[in-house]
*Asks:* 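Quick one: the structure is below, questions incoming.
Counting begins at 1 with the first residue of the sequence.
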Amino acid sequence: MTLKKITEKASALALIVLQACAVNPKTTGNNITDGLPVRDSCTLERLYKDMPQEINTDSPDVWFVNALCEGRADDVAALFRETKIFRDDLPAVDAPYGRFEGLDGIKAFAEGFLPRFNAEGATFTPVFQTVGGGRICLEGVFKFVVDGAINEAPFFVCVDLRTPVLLDEVRMYTNYTYVPDLTPYRKPIWQSAHLEMGDPQLLTSGMRAYYEALHHAPYCSPDKIHECFAEQCILGGYEPKNSRVLSGEEMSKSAHSFGFGLSTYIPACVGMRYETIIDDGKTCVIEWCHVVSDLGAESRNRIAMSACSAYTRDENGYLCAVRICDYAGHEAEIDWDKAGISEKEARAINRIHEFPAGCGDKPQQNY
């Protein structure tokens, strides 16, 4: 039997085993969180309960989170191979509290996942699943059982598919307040190819219009930003734990006014450069890094970090939901002894003198 056949057979066997072991928290009758009170709550599931989504639970992103919840470290590691499929890079899980590379590293991450949250067990409730471009973004709520109560934590789980049943890399995002003893710093996962805005033509429709208006140098265009939003829009899902939930009317009002606040510093002080785009035509998920100007660093204490956002379109193409997970505005709270990097090094990442107009040689529109 050739090596290729052996690998294919092993992948098929892994699929059968993982399918047999996977637990869908929406359907299981042995949900360990049943009847327990909620100690720390989040808004993701509650905000979008009336926005129905199709979730394919027979999918490696779902197998990954379910295996984490049940402490099945070997099953988590079985979703990866020793190196990535087309290069010698190690597979990895990039979590809010560190990067874990190689099969041994991924297994160690899985073994330490529940202990990191002081949990005896957990379930995961999926809320959104976006598939596109060889990647999947699963959004949902980990419900950790801690001392007889539930600590909820909303997560983006972005996976790079190796095959339809295997993974090359996973990147997880949540607000730092949901992770015990985590300081609000997330080192950029990628080294940006260019320190300027991404090419807007990689985005479509409302997302392209929103991004172009947001990065209109030297300051964004609030009116053009607001034109991208549906009349009724939901904002939030990844804010700090136990935050006040806005009413629907307040959220929609904010969607049609928040650009005025942004226009005082974007992009003169900071830009959001996307590094991945996962778009299924309805929802667009962007993993991005900050690019920080001297003005942003000196006047607003901004520091480049990795973050993730999702934008859902309504049937007319307008943005009806925006979910952003970043640590912007919390830079003064960073404990550099816990950040895994010196403040000097962090401040040098993605640093420019000023944010350039346009995108490379492409001029900005005149609004």
*Asks:* Would you say that V159 contacts F64 through its side chain, given a criterion of any heavy-atom pair below 4.5 Å between the two side chains?
*Replies:* no

*Asks:* I'd like to know if F80 and L161 are part of one continuous hydrophobic network [Ile/Leu/Val/Met/Phe/Trp/Tyr, side-chain heavy atoms within less than 4.5 Å].
*Replies:* yes

*Asks:* What about Y173 and Y178, same hydrophobic cluster or not, with Ile/Leu/Val/Met/Phe/Trp/Tyr joined at side-chain heavy-atom distances under 4.5 Å?
*Replies:* no

*Asks:* Is there a donor-acceptor contact under 3.5 Å linking the side chains of S293 and R302?
*Replies:* no

*Asks:* Answer yes or no: is there a side-chain heavy-atom contact under 4.5 Å between S306 and R171?
*Replies:* no

*Asks:* Minimum heavy-atom separation for L114 and A122, please, with both atom names.
*Replies:* CD2-CB, 3.8 Å

*Asks:* Count the heavy atoms of every other residue, nucleotide or ligand shown that sit under 6.0 Å from CG of D104, and state whether that count exceeds 12.
*Replies:* no

*Asks:* What is the distance from atom CD of E120 to atom CD1 of I32, rounded to the nearest 0.5 Å?
*Replies:* 8.0 Å

*Asks:* What is the distance from atom CG of N175 to atom OG of S243, rounded to the nearest 0.5 Å?
*Replies:* 7.5 Å

*Asks:* Report yes if the side chains of R116 and V179 come closer than 4.5 Å at any heavy-atom pair, otherwise no.
*Replies:* yes

*Asks:* Nearest 0.5 angstrom please: Y176 OH to Y185 OH, how far?
*Replies:* 15.5 Å

*Asks:* Inspect the contact between R186 and D326 and indicate whether a charged nitrogen and a carboxylate oxygen are less than 4.0 angstrom apart.
*Replies:* no

*Asks:* Tell me whether I85 is reachable from V170 by hopping between hydrophobic residues (I, L, V, M, F, W, Y) whose side-chain heavy atoms are closer than 4.5 Å.
*Replies:* no

*Asks:* Does the side chain of N56 reach to within under 4.5 Å of the side chain of V62, using non-hydrogen atoms?
*Replies:* no

*Asks:* Taking atom OH of Y367 as the centre, does the number of heavy atoms from other residues, nucleotides or ligands within less than 6.0 Å exceed 12?
*Replies:* yes

*Asks:* Should L44 and L246 be counted in the same cluster of Ile, Leu, Val, Met, Phe, Trp and Tyr side chains packed under 4.5 Å apart?
*Replies:* yes

*Asks:* Check whether more than 12 heavy atoms from other residues, nucleotides or ligands sit under 6.0 Å from atom NZ of K187, and answer yes or no.
*Replies:* no

*Asks:* Do you know the tightest heavy-atom contact between P222 and G259?
*Replies:* CG-O, 3.5 Å

*Asks:* Test your reading of the model: is there a side-chain donor-acceptor pair from R81 to the backbone of A78, 3.5 Å cut-off?
*Replies:* yes

*Asks:* Is any side-chain heavy atom of P218 less than 4.5 Å from a side-chain heavy atom of F355?
*Replies:* no

*Asks:* Checking R99 side chain against A92 main chain: does a donor-acceptor pair fall under 3.5 Å?
*Replies:* no

*Asks:* Does a side chain donor of either S192 or E275 reach within less than 3.5 Å of an acceptor in the other side chain?
*Replies:* yes

*Asks:* Decide, yes or no, whether a salt bridge links E212 with K362 under the criterion of side-chain N to carboxylate O below 4.0 Å.
*Replies:* no

*Asks:* Would a distance-only check, ignoring hydrogens and angles, find a side-chain to backbone donor-acceptor pair under 3.5 Å from D280 to T283?
*Replies:* yes

*Asks:* Is it the case that more than 12 heavy atoms not belonging to Y265 sit under 6.0 Å from its OH atom?
*Replies:* yes

*Asks:* Quick one: pull up CD1 in I286 and CZ in F156 and give me the separation to the nearest 0.5 Å.
*Replies:* 10.5 Å

*Asks:* Do you know the tightest heavy-atom contact between A332 and N301?
*Replies:* N-ND2, 3.7 Å

*Asks:* Between the side chains of R87 and D168, is the shortest nitrogen-to-carboxylate-oxygen separation below 4.0 Å, so that they form an ion pair?
*Replies:* no

*Asks:* If we ignore hydrogens and angles and just use 3.5 Å, is the side chain of Y211 paired with the main-chain N or O of M272 as donor and acceptor?
*Replies:* yes

*Asks:* Quick check: is L202 connected to W288 through a chain of hydrophobic side chains (ILVMFWY, heavy atoms under 4.5 Å apart)?
*Replies:* yes

*Asks:* Taking all atoms of both residues into account, what is the closest heavy-atom pair of T312 and R323, and its distance?
*Replies:* OG1-NH1, 3.2 Å

*Asks:* So which atom in A119 and which in V146 form the shortest heavy-atom distance, rounded to 0.1 Å?
*Replies:* CA-CG2, 3.9 Å

*Asks:* Flag the pair K282 and E54 as a salt bridge only when some basic side-chain nitrogen lies within less than 4.0 angstrom of an acidic carboxylate oxygen.
*Replies:* no

*Asks:* Donor-acceptor pair, T174 side chain versus P154 backbone, under 3.5 Å?
*Replies:* yes

*Asks:* So how far is it from D75 CG to L68 CG, rounded to the nearest 0.5 Å?
*Replies:* 10.5 Å

*Asks:* Just wondering, do V65 and M172 contact through their side chains at under 4.5 Å, heavy atoms?
*Replies:* no

*Asks:* Please tell me whether F100 and F113 form a close aromatic pair, meaning their ring centres lie under 6.0 Å apart.
*Replies:* no

*Asks:* The test is ring-ring contact (aromatic ring centres under 6.0 Å, His included); show your working for F229 and F258 and say whether it passes.
*Replies:* CA-CA 11 Å; F229 290 95; F258 86 110; 5.8 Å; yes

*Asks:* Please determine, by modelled atom types, if Y238 and E139 share a side-chain donor-acceptor pair under 3.5 angstrom.
*Replies:* yes

*Asks:* Per the side chain to side chain donor-acceptor pair (under 3.5 Å) rule, what does the pair list look like for residues 215-235, sequence neighbours excluded?
*Replies:* Q232-S252

*Asks:* Closest approach of V292 and A297, non-hydrogen atoms and distance?
*Replies:* CG1-N, 3.7 Å

*Asks:* Quick one: pull up OH in Y210 and OH in Y311 and give me the separation to the nearest 0.5 Å.
*Replies:* 4.5 Å

*Asks:* Parallel, tilted or perpendicular: which describes the rings of F144 and F142, with under 30° parallel and over 60° perpendicular?
*Replies:* parallel

*Asks:* Look only at the side chain of E239 and the backbone of G237, and say whether a donor-acceptor pair between them is shorter than 3.5 Å.
*Replies:* yes

*Asks:* Please check: side-chain N/O of T130 versus main-chain N/O of I278, any donor-acceptor pairing under 3.5 Å?
*Replies:* no

*Asks:* Under 3.5 Å, is there a donor-acceptor pair between the side chain of E287 and the main chain of T276?
*Replies:* no

*Asks:* Evaluate the side-chain proximity of E111 to V76: yes if any heavy-atom separation is below 4.5 Å, no if none is.
*Replies:* no

*Asks:* Judged by atom type as modelled, is there a donor-acceptor pair below 3.5 Å linking the side chain of E196 to the main-chain atoms of G360?
*Replies:* yes

*Asks:* Is it the case that T264 and R300 place a side-chain donor and acceptor less than 3.5 Å from each other?
*Replies:* yes

*Asks:* Side chains of R39 and N242: is there a donor and an acceptor less than 3.5 Å apart?
*Replies:* no

*Asks:* Check whether any side-chain N or O of T183 sits under 3.5 Å from a backbone N or O of A339 as a donor-acceptor pair, and report yes or no.
*Replies:* no

